[in-house]
Amino acid sequence: MHNDIKKICVSEEKIQEMVQRLGKEITEKYADREPLFVGLLNGCHPFMSDLLKNVDLYCTIAYMKVSSYNGTESTGKLSVDYDLSVDVYQKDVILVDDILDTGRTLSEVSRQLKEKGANSVRLCVLLDKPDRRTLPIHADFVGGKVPNEFVVGYGLDYNEKYRNLPYIGVLKEEIYSK
Ligand code: IMP
Ligand code: MG
């Protein structure tokens with residue numbers, strides 16, 4: 001699997017630095033509150049579990065699964081494959097995803113959570129790809145920016161594979177033509 005990687009963009013060490021900083025930022029921002037972390041599966045894993053270890057707050061967690069991607073391209077349509085199992089009414093939600101790309105996924109999910117009565121919805125992503133944005137949305141907590149390149153690892157997939165890489169990398173061109 002490691003042999004399929006052309007270059008490493010974010011090392012394991014750098015990821016842990018990002019996660020620790022994000023945990024600290026969230027802990028300070030929500031000092032007097034008990035946020036509900038909503039992770040978007042499958043990309044939020046393992047980011048969300050590492051992040052939570054660095055959050056020193058009483059909090060609850062829940063997951064949702066939505067899909068809009070097929071291979072490396074967004075299909076533009078969002079479907080909810082697995083919905084929340086908890087009530088978000090009056091909750092301070094922190095929506096956690098691997099990457100903010102066009103912004104379609106997080107704007108739509110965040111709109112749905114507000115519609116269900118969440119008190120606040122903030123976005124936390126490991127990576128931000130601002131060059132690809134098509135909607136006016138920004139994340140409140142961002143690990144780091146990446147250029148307009150398709151990346152895999154640490155939750156990010158190509159056709160559901162490579163999520164278990166411990167770093168973020170770019171695949172060799174030949175992998176796409178397989
Ligand atoms: P958006 O709706 O376009 O912002 O896309 C967000 C979703 O697309 C993320 O949750 C990822 O699952 C996926 N995605 C976007 N960019 C990449 C990438 O570079 N590698 C892998 N998945 C990506
Ligand atoms: Mg994904």
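All ligand and atom numbering here is 1-based and tracks the order in the structure. Computed from heavy atoms alone, side chains included, the values below leave out hydrogens, waters and symmetry copies.
Numbered from 1 in the order shown, with element, the atoms of ligand 1 that lie under 4.0 Å from a heavy atom of Asp101 read 1 (P), 3 (O), 4 (O), 5 (O), 15 (C), 16 (N). Contact atoms of ligand 1 toward Ile99: 6 (C), 9 (C), 11 (C), 14 (N), 15 (C), 16 (N), 17 (C), 23 (C) (distance under 4.0 Å to a heavy atom of the residue). For ligand 1 and Asp157, the ligand atoms under 4.0 Å from any heavy atom of the residue are 21 (C). Applying the 4.0 Å criterion to heavy atoms of Gly103 picks out, from ligand 1, the atoms 1 (P), 3 (O), 4 (O). Here is the list of ligand 1 atoms found below 4.0 Å of a heavy atom in Thr105: 1 (P), 2 (O), 5 (O), 6 (C). In the vicinity of Thr102, heavy-atom distances shorter than 4.0 Å reach the ligand 1 atoms 1 (P), 2 (O), 3 (O), 4 (O).
Taking the charged nitrogens against the carboxylate oxygens, Arg104 and Glu108 have no contact shorter than 4.0 Å, which rules out a salt bridge. A salt bridge links Lys6 with Glu173; the closest basic N to acidic carboxylate O contact falls under 4.0 Å. Using a 4.0 Å cut-off between charged side-chain N and carboxylate O, Arg21 and Glu17 make no salt bridge. In summary, Asp92 and Lys29 do not engage in a salt bridge, as defined by a charged side-chain N under 4.0 Å from a carboxylate O. Comment: Asp101 does not engage Arg133 in a salt bridge, judged by the lack of any side-chain N to carboxylate O separation of less than 4.0 angstrom.
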Task: ring pair (Phe, Tyr, Trp, His ring centres under 6.0 Å) evaluation trace for Tyr154 with His45 - done: CA-CA 7 Å; Tyr154 199 70; His45 170 83; 8.9 Å; no
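Taking the six-membered ring where the residue is Trp, Tyr30 and Phe141 present tilted rings, their angle falling between 30° and 60°. Aromatic ring orientation, His2 versus Tyr167: tilted (interplanar angle from 30° to 60°).
Ligand 1 has no nitrogen or oxygen under 3.5 angstrom from a nitrogen or oxygen of Phe150. At under 3.5 Å, not a single nitrogen or oxygen of Leu106, backbone or side chain, sits near a nitrogen or oxygen of ligand 1.
Look at Lys129 and you'll find a heavy atom under 4.0 Å from some atom of ligand 1. Look at Gly43 and you'll find every heavy atom at least 4.0 Å from all atoms of ligand 1. Assignment of Val152 to the shell around ligand 1 is not supported, since no heavy atom sits closer than 4.0 Å.
Contacts between Asp97 and ligand 1 below 4.0 angstrom, taking non-hydrogen atoms only, involve the side chain exclusively.
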